[in-house]
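One structure is given below, encoded as structure tokens.
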Amino acid sequence: AGATALAGSMVLFSWFAHRPWPGSVLGGARLAARGPAAVWASPGADDLATTLGLRPTSRRVLLYSVLGLVVGAAAGLAHRASLGLPVTSSFALEPFVVVACLIGAMEEVIYRGWLLGRLRRLGWPAAIGLSAAAHAAYKTALFAQPSITVPIDYAALALLTAAGGLILGGLRALSGNLWPAIVAHAAFDLVVYRAVANAPWWVWG
């Protein structure tokens, strides 16, 4: 129930995030706040560090973090190529890349951290698959804004996000720690957004 509340509240948040102010945004924020508040306050919750997968690091975690760095950077280069962006352009960094990496890290704390950690009692395969599906639903709802005229292939967006979630969830399961998934997501965002001067429309609306 707690995992469902969190996943549903995140979809509501992303769905209402860019709606006209004030009514629908306030309503969406109120709905989005209920799930996480109920989850964090729920009795009998597992030890938070264990649930999030943020136990002390080890050599195994460091090795998988290096693997995550390589996988994330490669995925970022492939994404740039798919968008027709230069793959080996200038390595100058714009300030927004810091925000992008922080957003990605927070998504990992939510989906591969808390949500996957709570679902792991169903078994690792189910936990990885369900958390990946929840992340894909959140991301698709975030981009599904009627006021935006940018053409978006929502099926491809959902499938690619889910596929990425399976890989990131696998990194957590194999390493026993959340850090490899955070590193992979941050590496992806660093490669994709390093030269982006201003936040895309889906960040601030």
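The figures here come from the full heavy-atom set of this structure, side chains too, leaving out hydrogens, waters and symmetry mates. Predicted, not measured: the structure shown is a model, and the values here were computed from it.
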Beyond-backbone contact of [X] with [Y], side-chain heavy atoms, under 4.5 angstrom:
| X | Y | result |
| --- | --- | --- |
| L174 | Y64 | yes |
| T140 | T161 | no |
| D47 | R55 | yes |
| L67 | P180 | no |

Can you tell me how far the [atom1] atom of [X] sits from the [atom2] atom of [Y], to the nearest 0.5 Å?
| X | Y | atom1 | atom2 | result |
| --- | --- | --- | --- | --- |
| L116 | R120 | CG | CZ | 9.0 Å |
| L166 | L171 | CG | CG | 11.0 Å |
| H79 | L77 | NE2 | CG | 11.5 Å |
| F188 | L69 | CZ | CG | 14.0 Å |

State plainly whether one hydrophobic cluster holds both [X] and [Y], where clusters connect Ile, Leu, Val, Met, Phe, Trp and Tyr through side-chain heavy atoms under 4.5 angstrom apart.
| X | Y | value |
| --- | --- | --- |
| Y154 | L142 | yes |
| L6 | V11 | no |
| L178 | L168 | no |
| L160 | F143 | no |
| M106 | I182 | yes |

Quick check: closest heavy atoms across [X] and [Y], and the distance to 0.1 Å?
| X | Y | value |
| --- | --- | --- |
| I128 | G169 | CD1-O, 3.7 Å |
| Y138 | M10 | CD1-O, 3.5 Å |
| V109 | L52 | O-CD2, 3.9 Å |
| A134 | A7 | CB-CB, 3.9 Å |
| A158 | A136 | O-CB, 3.5 Å |
| T51 | W114 | CG2-O, 3.7 Å |

- For residues 171-191, which residue pairs qualify under side-chain hydrogen bond (donor to acceptor under 3.5 Å, both in side chains), counting only residues two or more places apart or in two chains?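 Qualifying pairs: E108-H185.
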- Message: Under a plain distance cut-off of 3.5 Å, with no hydrogens placed, do S131 and R112 share a side-chain donor-acceptor pair?
- Response: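 Distance-only check fails for R112 and S131.
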- Less than 4.0 Å between a side-chain N and a carboxylate O, is that true for E107 and K139?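 Yes, K139 and E107 are salt-bridged.
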- Task: Look at the aromatic rings of Y193 and F96 and report parallel, tilted or perpendicular, splitting at 30° and 60°.
- Result: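 Because their plane-to-plane angle is over 60°, the rings of Y193 and F96 count as perpendicular.
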- Query: Under 3.5 Å, is there a donor-acceptor pair between the side chain of R118 and the main chain of L115?
  - Reply: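 A pair under 3.5 Å: no.
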